[in-house]
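Order of listing sets the numbers, starting from 1, for every ligand and every atom in it. For this chain, numbers begin at 1 and follow the sequence in order.
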Amino acid sequence: MRAGDRPAAARERNGRPHGRRLDDDGVPVDADRGATPREERRVAMESFGARLHRAVAERGPLCVGIDPHPGLLARWGLADDVEGLDRFSRTVVEALGDRVAAVKPQSAFYERFGSRGIGVLESTIRQLRNAGALVVLDAKRGDIGSTVSAYASAYLDPSSPLYADAVTASPYLGVGSLAPMFEMAAAYGGGVFVLALTSNPEGAAVQRAVGADGRTVAQTVIDEISQLNRGAEPLGSFGLVVGATVGDTGHDLSAVNGPLLAPGLGAQGATAADLRTVFGPSLPAVLPSYSREVLHAGPDTAALRAAAERVLADCRAALAGRD
Ligand SMILES: O=c1ccn([C@@H]2O[C@H](COP(=O)(O)O)[C@@H](O)[C@H]2O)c(=O)[nH]1
């Protein structure tokens, strides 16, 4: 049965079931902890592209990153330890989980605390999803295909404690090596954002290198992701990361038919106005992403909301008329 065929009462928030018994984090006990048979979950899930398209329509084109830098923890009056990490993350969830389209926890800031940090990440993902935000886990994983299968299980299998709506992936062992992630995402309504033109200045030497066929590495990535999204409506589930700092890309994004995650705004120097230069006719697919620019406003939840509203207004203005 297609998601759109279901009666309204059975509809899900961002494609997920609700109205079930909840655990301490407010998570349906049979949804995210693996108790639901795989086939049932498979048919219950709408594609990530469709869910993101709806979330952006309802909440606006904005992704906020959770990047608990040591300096930000200090600025918020929190200790640089697991308790500080947990308080920081819960505050962002409380402030923004029920109002922004997507939230992007940066895995590195949780991993640095070892297993207890990963525990906080698991809990943060569950809280965010329960609040209705789509979770893009920024882990930038990539490896040989057999290992990518394990990454796919970790982040894109609904029975995993780290199950997110989408994950970032690195294509530098070949886009084809990421196939297990693409397959798992397709099976369970997940998404994958693949690095194409990253926001850092060092990325260009690799990404703009030209191969034997005359295409840059980035264009090869763009073309392979475009193939995966062919024919998808209203939006494909396989996205690209293109930094808002890169200027006119000089690359052809016209066939991507998937979301374009744009970090580099705010703290890295790019402004919402730069999105027009970077993305041109591809603006309709852009998901702008800010971390420190919004997080600097914390820990006051009202101030965090105001900061998110301010950057969302900037993005709406920059993307105006994109549809
Ligand atoms: O090209 C890329 C890909 C990912 N990132 C990540 O986004 C955030 C940016 O944080 P800000 O505080 O908004 O600068 C961070 O987690 C990066 O790892 C990126 O910046 N550029």
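At the top of the distance list for atom 13 (O) of ligand 1, counting protein heavy atoms only, stands S291 N, 3.0 Å. Here the protein heavy atom with the shortest distance to atom 8 (C) of ligand 1 is K104 NZ, 3.4 Å. With respect to atom 1 (O) of ligand 1, the closest heavy atom belonging to the protein is S199 N, 2.9 Å.
Side-chain contact, Q268 with T245: no donor N or O sits under 3.5 Å from an acceptor N or O. With 3.5 Å as the limit, one finds a donor-acceptor pair spanning the side chains of Q219 and D223.
Nearest heavy atom pair, residue L240 against residue A196, reads CD2-CB, 4.0 Å. Minimum interatomic distance between S199 and P263 (heavy atoms only, all atoms of both residues): CB-O, 4.1 Å. For the residue pair V278 and G243, the shortest heavy atom distance occurs at CG1-O, 3.8 Å.
Among H296, Q106, K140, the residue whose heavy atom lies nearest to atom 5 (N) of ligand 1 is K140.
Close approach of ligand 1 to T198 is summarised as follows: ligand atoms under 4.0 Å from at least one heavy atom of the residue are 1 (O). Residue contact check: R292 has heavy atoms under 4.0 Å from atoms 11 (P), 12 (O), 13 (O), 14 (O) of ligand 1. Interface of V241 with ligand 1, defined as ligand atoms under 4.0 Å from a residue heavy atom, comprises 1 (O), 3 (C).
Contact analysis puts Q268 in contact with ligand 1, with a non-hydrogen atom separation below 4.0 angstrom. Using a 4.0 angstrom heavy-atom cutoff, L265 counts as in contact with ligand 1.
Counting heavy atoms under 4.0 Å from ligand 1, residue D138 touches it through the side chain alone. Only the side chain of P263 comes within 4.0 Å of ligand 1, judged by heavy-atom distances. Residue D67 touches ligand 1 through its side chain alone, judged by heavy-atom distances below 4.0 Å.
Residue-environment remark: CZ (R116) stays at or below the threshold of 12 foreign heavy atoms within 6.0 Å.
The backbone N or O of G189 sits nowhere less than 3.5 Å from a side-chain atom of S47 that would complete a donor-acceptor pair.
Relative orientation of the H69 and F109 rings is tilted, given thresholds of 30° and 60° on the angle between their planes.
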